[in-house]
Amino acid sequence: FSGKKEIDAALLEDIEETLLTGDVGAATTKRLVDALRDRLDRNDLADSERVWEALREDSRRILSVDSPGFGSAAKQSPLVILMVGVNGAGKTTTTAKLAGRYKQAGQKVLLAAADTFRAAAVQQLEMWGQRVGVTVHKAKDGAKPSAVVYEAVARGVAEGFDVVIADTAGRLQNKAPLMEELRKTRDAAGKACPGAPHEVLLVLDAVTGQNALSQAKEFREALDVTGVVLTKLDGTAKGGVILAVVDEFKLPVRFIGVGEKADDLRDFDTAEFIEALFS
Amino acid sequence: TLTEGFRKARQKLTGVAELTEADIEAALRDVRLSLLEADVELNVTRRFLGRVKEKMLGQVVKLRAESQGKKATITPDQLFVKACQEELVAMMSSPDGAQLTEAPKGTPTIVMMVGLQGQGKTTTSAKLAKLLTEEGKKVLLVAADLQRPAAVEQLTVLGQKVNVPVFSAPNSTPVEVCRRALALAKVQKKDVVIFDTAGRLAIDTVLMDELRAIKSETKPQNILLVVNAAIGQNALATATAFHDTLGLTGIALTMLDGDARGGAALAIREVTGIPIRYAGVGESLDKLEAFRPDGMASRILG
Ligand SMILES: Nc1nc2c(ncn2[C@@H]2O[C@H](COP(=O)(O)OP(=O)(O)OP(=O)(O)O)[C@@H](O)[C@H]2O)c(=O)[nH]1
Ligand SMILES: Nc1nc2c(ncn2[C@@H]2O[C@H](COP(=O)(O)OP(=O)(O)OP(=O)(O)O)[C@@H](O)[C@H]2O)c(=O)[nH]1
Ligand SMILES: [Mg+2]
Ligand SMILES: [Mg+2]
């Protein structure tokens, strides 16, 4: 017959394994498990059901960031959104999905093809623009990303667009000159429209491991990121690293990507996410 | 950080005259946390620590015997680092390194690039084409991703940059594109054909069947899984799923020019036995190298 100590230890090990394999990371896992162990030692949690419930509640608390409504920083049109993140995370696809959403809500949307570096990046966004029915602003050959964004935002203001979304080139966070380029790109938006960009969305791939923390740290320090989009949650990766990211940087997760089609974008739902993480 | 974990472990062992099992356990506890932070998969971490402990215990007996009367040739903390490095290198090495399996003489060698979305398949296909061209091979790139907007254009532009022709056939299926490309490559006496396929989830049965169909139609000698070095604990499940479906012959680890520790690569190699052949170390097309286990071990250990 197993004593309470043994049962508790086995349960906490089970929980630790679930958290670690979900990419929650060693530090956040330790905090969550230590908190549960304290409560178990004080006989505060009657059975394993209560323990899992407490874990879900603690995780929910981490993810509930007090934040203003998405886009509310824009006191007048256009709302300007800058999409940033490392290579291959899903920035271009998410830009298209977000554009489609605003378009369906009757808004006039302009996209800025500010990835002037990668092969066929502009064509990729243009094809998406055609698919969802929005205008794509691109530059003359060889223009700087900041110039594309400046032109697009200025055009957004001049031609009465409701939303301008700028897609940028992927870049690794440890590349200082590329982060500097991104800073200049952000500043260019502000020059064309005071207050812009109103939202700077960091696009994170749900399969990313602990490196997401470094991504969040560096992009935030460079740019003042205002929110996160967690992509590829239609896969088997749980995206648990977002718990550590939100815990440390207090960034709201605004949207999740759940597929490769235009309507595969959802608002982030904390309860649903936690449910999936611990399933 | 991983570096801190190892530094703490080493500090615990520095100045220790007689290494005990308890000393080793304490050092390994520090290492465990940092391995997990480097995205090394949980069970792989456990096995790694078990082997290092075993190695060190074996060495302790040997050290004790050697040090009877004379000065020890290696201190416990040095022993610890050496054991970890050796164990990691052993786990990630493979006998034939970056070598591709060649087709029988007179037919083109086929390399099929597969993997999750956005990992670097298209870029790596072009990089590999450049590498092989520089070795004097005649290469054909095949744009078999007919799903992602402008994927064919992307590979075409990259092909032009490395002076390698790109085969595409807009109104066919990926399987047909690969079949026709292979037929053309045989006629043109190409040495290597590289299929760039669309990114896909391992759980997408329809798309995994498509890869299976390409494989059975063209019988590639090489099927490389392209994986971003920043991938987390999911790496093993993904690699296993692709491996079970296709029989992978190698891994190309990309974005090693970033600051991800790349610990997930360890799990893939350790558990599935698939060799890591290439390392992508930058966005430009000259940034593909043969994978070096010792370089990777130092990176994981910090
Ligand atoms: N399954 C799935 N795939 C996605 C999702 N979002 C994006 N993708 C795919 O991920 C791949 C990369 O997407 P992109 O939008 O090109 O990524 P990016 O961040 O713009 O890439 P770079 O500009 O090269 O840095 C494409 O194959 C997309 O279809 C998602 O939510 N789910
Ligand atoms: N820094 C860096 N970037 C890389 C490396 N390999 C690829 N990339 C970048 O990663 C992004 C994704 O590369 P792709 O080749 O489009 O990836 P993919 O696997 O073909 O994507 P899908 O076809 O959508 O699944 C691009 O921005 C590439 O330039 C690398 O080794 N280092
Ligand atoms: Mg893009
Ligand atoms: Mg591709």
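All chains are named by letter (A, B, ...) in the order of the sequence lines, taking the proteins before the strands, and each is independently numbered beginning at 1. Scope of the values below: all heavy atoms of this structure, side chains included, with no hydrogens, waters or symmetry mates.
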Could you tell me which portion of [X] (side chain, backbone, both or neither) has an atom closer than 4.5 angstrom to a non-hydrogen atom of chain B?
X: A:R171; value: neither
X: A:K238; value: neither
X: A:Q130; value: neither
X: A:E17; value: both
X: A:T208; value: both
X: A:D234; value: both

Sort B:D257 into side chain, backbone, both or neither according to what part of it lies under 4.5 angstrom from a heavy atom of chain A. both
With a 4.5 angstrom heavy-atom cut-off, which part of B:L116 approaches chain A: side chain, backbone, both or neither? side chain
Using every non-hydrogen atom in the two residues, find where A:M127 and B:A150 come nearest and quote the distance to one decimal. SD-N, 3.3 Å
Testing the basics here: between B:Q154 and A:A119, what is the closest heavy-atom pair and its distance to 0.1 Å? CG-O, 3.6 Å
Answer yes or no: is there a side-chain heavy-atom contact under 4.5 Å between B:Q117 and A:D205? no
Between B:V157, B:I231, B:T238, who has the most heavy-atom pairs with chain A when the cutoff is under 4.5 Å? B:I231
So does B:A230 get a backbone contact from the side chain of A:N211, meaning a donor-acceptor N/O pair under 3.5 Å? no
Sorted by chain and residue number, the ring pair (Phe, Tyr, Trp, His ring centres under 6.0 Å) partners of A:Y102 (sequence neighbours excluded) come out as none
Using a strict cut-off of less than 4.0 Å between a Lys/Arg side-chain nitrogen and an Asp/Glu carboxylate oxygen, indicate whether A:E16 and B:R32 qualify as a salt bridge. yes
Just by distance, no angles: are the side chains of B:N234 and A:D23 close enough, under 3.5 Å, to form a donor-acceptor pair? no
For B:Q147 and A:E260, which I'm curious about, is there any donor-acceptor pair between the side chains at under 3.5 Å? yes
